[in-house]
Structure formats: structure tokens, C-alpha cells
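Okay, so here's the structure we're looking at.
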Protein chains: 2
Amino acid sequence: MLSSALQSQKQNAMATHRSQTKREKILDVAEELFALHGYDGVTLRQIAAGAKVDVALANYHYGKKLDLFNAVFERRAALLNEARLEALHQCQRESGSGGPTVEQIIEAFLRPLELAQETGDPGWRHYLALIAYINNSPYWGPRMMSKLFDELVLEFIDALRTALPGAREEDIFWCYHNLSGALTLTLAQTGRIDKLSGGSCQSADFQAAYDHMIPFVAAGFRQVCREQ
Amino acid sequence: MLSSALQSQKQNAMATHRSQTKREKILDVAEELFALHGYDGVTLRQIAAGAKVDVALANYHYGKKLDLFNAVFERRAALLNEARLEALHQCQRESGSGGPTVEQIIEAFLRPLELAQETGDPGWRHYLALIAYINNSPYWGPRMMSKLFDELVLEFIDALRTALPGAREEDIFWCYHNLSGALTLTLAQTGRIDKLSGGSCQSADFQAAYDHMIPFVAAGFRQVCREQ
DNA sequence: GCGGCGATTCAACAAACGTTGAATTTCTTC
DNA sequence: GAAGAAATTCAACGTTTGTTGAATCGCCGC
């Protein structure tokens with residue numbers, strides 16, 4: 001007798017003898033292409049070709065192109081939010097009555113993104129690049145980011161407020177903006193830092209990126225939000 | 001008798017009785033639309049309509065769509081690079097034999113972007129958003145950023161290396177990566193921080209963004225690149 | 001005022017786009 | 001194994017796309 005968790009995994013893996021295979025393959029290919037070329041840079045025919053499927057099948061499963069785009073964006077959001085929230089709560093439990101340090105909070109914000117990569121599923125890498133594309137877009141950013149990620153971000157900002165007593169509201173948010181920017185460019189995986197550094201740094205190495213980002217951002221928060 | 005600098009301004013303003021007006025209007029509209037919707041999200045007909053011009057005129061002046069995209073990207077690059085390099089050299093001259101501090105170098109890297117906005121030309125705002133789009137794109141970033149901006153960036157990194165003796169190469173580049181990310185998200189002007197902060201922060205206020213980014217980034221550099 | 005030339009528009013092309021209704025295959029259920 | 005439902009393909013639609021060649025406009029020198 002399988003546990004219900006394992007059962008649902010089993011269902012996802014085998015599906016109903018093929019049916020969900022093509023359906024999910026469409027999402028996988030759309031995820032990769034949207035992340036690389038953006039919404040308008042990808043045609044439904046490219047996605048269908050990549051998934052070895054007729055172009056009408058995407059419409060059958062997901063409706064219009066915009067609905068497919070949203071489906072890709074929403075597929076992994078809940079899982080990601082749960083992992084990050086769990087990491088925040090864990091460091092809050094483990095810290096004393098003073099609450100977690102800035103470093104611990106930033107770490108809880110970033111490390112789950114790295115774990116997502118380590119599942120071996122390349123889809124996660126593409127998904128993170130898609131988030132970077134959307135978050136940095138003046139068109140899509142305001143339309144899509146808030147609904148799925150604002151609640152989580154505000155929880156982390158609450159924790160940071162506690163860890164930085166006396167900080168001004170605007171200072172905290174501008175610091176979060178800097179963190180979000182550094183993270184976004186990392187997720188985009190443009191490979192630019194590889195070339196600039198002559199090979200010293202690798203965009204694909206999320207662990208190295210976060211190893212440097214955590215002390216960098218924490219020091220920035222403390223400098224800007226230090227008590228007046 | 002006008003100075004040659006003013007003369008060239010005058011020429012730009014009056015042009016040859018109209019001829020350069022439509023030609024430049026196409027660039028202006030393309031700049032704004034490309035920044036907002038990306039390369040594939042804009043059609044030549046939208047650009048032509050915005051410039052109140054026939055669709056064939058863009059082709060006549062700039063060739064293919066990709067050539068127009070490049071023309072927009074290149075138009076203001078040299079001017080921007082000169083302003084930033086001048087700011088770097090000035091703070092190098094003003095500093096003692098020890099060279100400028102990290103804060104001064106970051107300031108020279110960022111403040112010229114703010115001055116560009118203060119000329120009153122809204123085109124600069126759109127251009128900076130276009131840089132953000134390209135820099136964050138896994139497709140365009142590697143293809144377009146290096147040629148115009150690598151030389152300048154490496155000059156600033158040289159200055160930072162001097163200001164941070166004993167720092168590891170990879171640490172410096174990862175820190176620059178964080179700076180570049182924070183800056184990129186700022187230039188994108190998505191308005192997301194406005195909503196998240198409930199109005200405490202405004203994306204359009206570049207000065208406030210840099211006022212917070214300079215100490216934030218400088219502290220990050222010092223923390224990560226401190227002597228071992 | 002006429003010829004020439006750059007700037008601009010007109011008209012049209014073939015290709016590719018998102019979307020859809022109907023036909024066909026594949027699976028599930030009895 | 002027949003019936004019904006779901007999944008998938010087929011074929012086509014009306015638009016829109018980037019691009020181009022030819023025609024027209026507007027100005028300047030002669």
C-alpha cells in the first residue's frame with residue numbers, strides 16, 4: 001500500500017497511459033521557449049513542434065496562447081512558495097527569541113531556488129529564467145508578479161523588519177528592491193558574468209551566486225537600515 | 001557667432017527643414033515600444049503608426065527590423081559611456097594617491113544615468129529600460145551587451161580592484177554581478193516596488209534608487225571582498 | 001522653371017500567425 | 001467487443017507580419 005504522497009507522484013509519472021504525457025510536454029517546451037525568447041518571441045507552432053504535437057493540441061488543453069503562458073507561470077509557483085516559506089519558518093523556529101538574523105532570512109529566501117535546480121529537472125532552471133523575464137518586464141511584471149508572489153515577499157519583509165529594528169520603511173523596501181534585482185539577473189542566466197570575468201564566474205552555478213549574494217545583500221541591508 | 005557645440009545642437013533641432021525629423025521620430029517611437037514590449041512584441045506597423053509615417057519608411061532609413069533595433073540600441077550608447085567614463089576619471093583625479101573609494105566609484109557608475117534622465121528628454125528613460133530588457137534577456141544579452149559596454153565595465157572593475165586590495169577576482173565579479181542586477185531592475189521601471197511598498201518607494205525616482213543603491217552596494221563589496 | 005535627388009507613400013507580395021470546427025485516433029467503461 | 005468519451009490530428013480560415021518595387025512628393029541647384 002502506497003502513501004497518498006507517493007501515489008500522486010506515481011500518477012504523475014505514469015499518467016493515464018500517455019494522456020498527460022503530451023499535455024505536460026507542451027508545458028515543458030513552452031516553459032523553455034518563453035524563458036528564452038519571451039511571450040511574443042515564441043509561436044504556438046514552435047511549441048507544438050518542440051513537443052512533437054499538432055498545433056491545435058495546445059489550444060485544446062490550455063485555450064488561448066495567453067492562457068498557456070499563465071499556465072506555465074502558475075505550474076510551479078505554489079511549490080516554490082511553499083519551499084521558501086518552509087525555509088523561513090524553519091530558521092525562525094531555530095533562532096532564539098530575537099528572531100533570525102538578516103543572513104538567515106536572506107538564505108531562506110534564496111536557497112530553496114537552488115534546491116529546485118538540484119532535483120535534476122531542467123524545467124526548474126527554465127522556470128526561474130521565466131520568472132526573471134516576467135519580473136524585469138515593464139509590461140508583464142505589474143500584471144503577473146503580484147498575484148503569485150506578493151504575499152510571500154511581504155512575509156520575508158516582515159521578518160527583515162524584525163531583524164532590523166528602527167529601520168525606515170522606504171529603506172527596507174529599497175534594499176529588497178536591490179536584492180530582487182540581483183536575484184533576477186541571476187535567474188535570467190544570461191552568461192554575461194562568465195564572459196566578463198573571463199571564466200572566473202559561471203552563471204549556471206547558482207550555489208556560487210548565492211554564496212556571494214547572501215553576505216553581499218545582508219551587508220547592504222545593515223548599512224542602509226542601520227539605526228539612525 | 002555660435003559655439004560649435006551649440007551649432008550642432010541647433011542643427012539637430014532644426015534639421016534640414018524636416019528631413020531628419022521623421023527619421024529620428026521613428027527611432028524615438030521604436031525606442032519606447034521596444035523597451036516596453038521587447039523586440040518581438042513590437043511590429044514595424046506599430047512603430048510607423050506611432051511616428052505617423054508609412055511602414056516602408058523605417059525600412060528605407062534603417063533597413064531590416066533587426067537593423068532598426070540595433071540602431072536604437074547604439075544611438076545613445078557612446079554618449080552614455082562618455083558620461084560615465086568622465087565621472088570615473090573625475091573622481092580619480094579628485095581623490096588622493098590612494099585612489100577613489102568604493103562609494104565614489106559606484107557613484108560614478110550610477111549618477112550619469114540619473115543625469116541622462118534630467119535632460120527632460122523622455123527618450124533617455126525609454127533607452128535605459130531598453131538596456132534593462134536586453135541585459136536581462138538570455139537571448140539578446142550575450143549578443144548585444146558586450147560590444148558596447150564591456151570596455152567601460154572593465155574600467156570600473158579595474159578601479160574597484162584598486163580600491164579593494166587583496167580581493168579575489170571571482171568575488172569582485174560576483175559583486176559586480178549583484179550591482180548590475182540591482183541596476184538593471186531599476187532601469188526596467190516595472191513599478192513593482194511602488195506597489196509592494198504601498199507607495200513608500202517610486203520606481204520613477206532614480207535619485208532615490210541610487211541614494212539607496214550606492215551605500216547598499218558599497219557595503220556589499222566591502223563585506224565580500226574584505227581582505228582574508 | 002526645370003532636372004535631379006533624397007524622402008516619403010502606395011500597393012502588394014508570400015509567409016507565418018493564432019484560432020477553430022470537423023474528422024480521426026486512442027483510451028475507458030461496461 | 002461495442003459504445004462513448006477524451007485526446008489528438010487534419011485542414012483551413014481570416015489577419016497580420018516583414019519586406020520590396022514602383023510611384024509620388026518636396027526641395028535644391030542651376
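First the proteins, then the strands, lettered A, B, ... as listed; each starts at 1.
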Considering only heavy side-chain atoms of B/D54, the closest of D/dT9, C/dT9, C/dG18 is C/dT9

Looking at the side chain of B/R45, which of C/dC10, D/dG18, C/dC17 is the nearest nucleotide? D/dG18

Specify the separation, in whole Å, of atom CG of B/L68 and atom C1' of D/dT19. 14 Å

Nearest heavy atom decides the nucleotide; on that basis, is B/T43 or A/K52 closer to the 5' end of DNA chain D? A/K52

When you measure from the side-chain N and O atoms of B/K64 to the phosphate of D/dT20, is any distance below 4.0 Å, counting only OP1 and OP2? yes

Please tell me which of the listed nucleotides, D/dG18, D/dG21, C/dT8, lies nearest to the side chain of B/A56? D/dG21

Give a yes/no verdict on a cation-pi contact between A/R23 and A/Y62, requiring under 6.0 Å between NZ or CZ and the six-membered ring centre and an angle within 45° of the axis. yes

Of the listed nucleotides (D/dT9, C/dG6, C/dG18), which one gets closest to any side-chain atom of A/V53? D/dT9

Please state how far atom CG in A/L33 lies from atom P in C/dG18, giving the value in whole angstrom units. 12 Å

Angle between ring planes, A/W140 versus A/F69, binned at 30° and 60°: parallel, tilted or perpendicular? tilted

Would you kindly give the NZ-to-P distance between A/K22 and C/dC27, to the nearest whole Å? 10 Å

Can you tell me the distance, in whole Å, between the OH atom of A/Y62 and the C1' atom of C/dT20? 19 Å

Between the side chain of B/T186 and the main-chain N/O of B/A182, is any donor-acceptor distance below 3.5 Å? yes

Closest to the A/H61 side chain, choosing from C/dA7, D/dT19, D/dT8: D/dT8

Below the 4.0 Å mark, does C/dA7 have OP1 or OP2 next to a side-chain nitrogen or oxygen of B/Y60? yes

What integer distance in Å separates B/K65:NZ from D/dT17:C1'? 9 Å

Could you tell me how far apart B/F34 (CZ) and D/dG18 (C1') are, to the nearest whole angstrom? 12 Å

Euclidean distance, atom CZ of residue B/F69 to atom C1' of D/dG18 [Å, nearest integer]: 16 Å

Is the side chain of B/K52 donor-acceptor paired with the backbone N or O of B/K22 at a distance under 3.5 Å, no angle test? no

Is B/R84 positioned over the aromatic face of B/F109, cation under 6.0 angstrom from the ring centre and no more than 45 degrees off axis? yes

Separation of B/Y39 atom OH from D/dT17 atom P, in whole Å? 13 Å

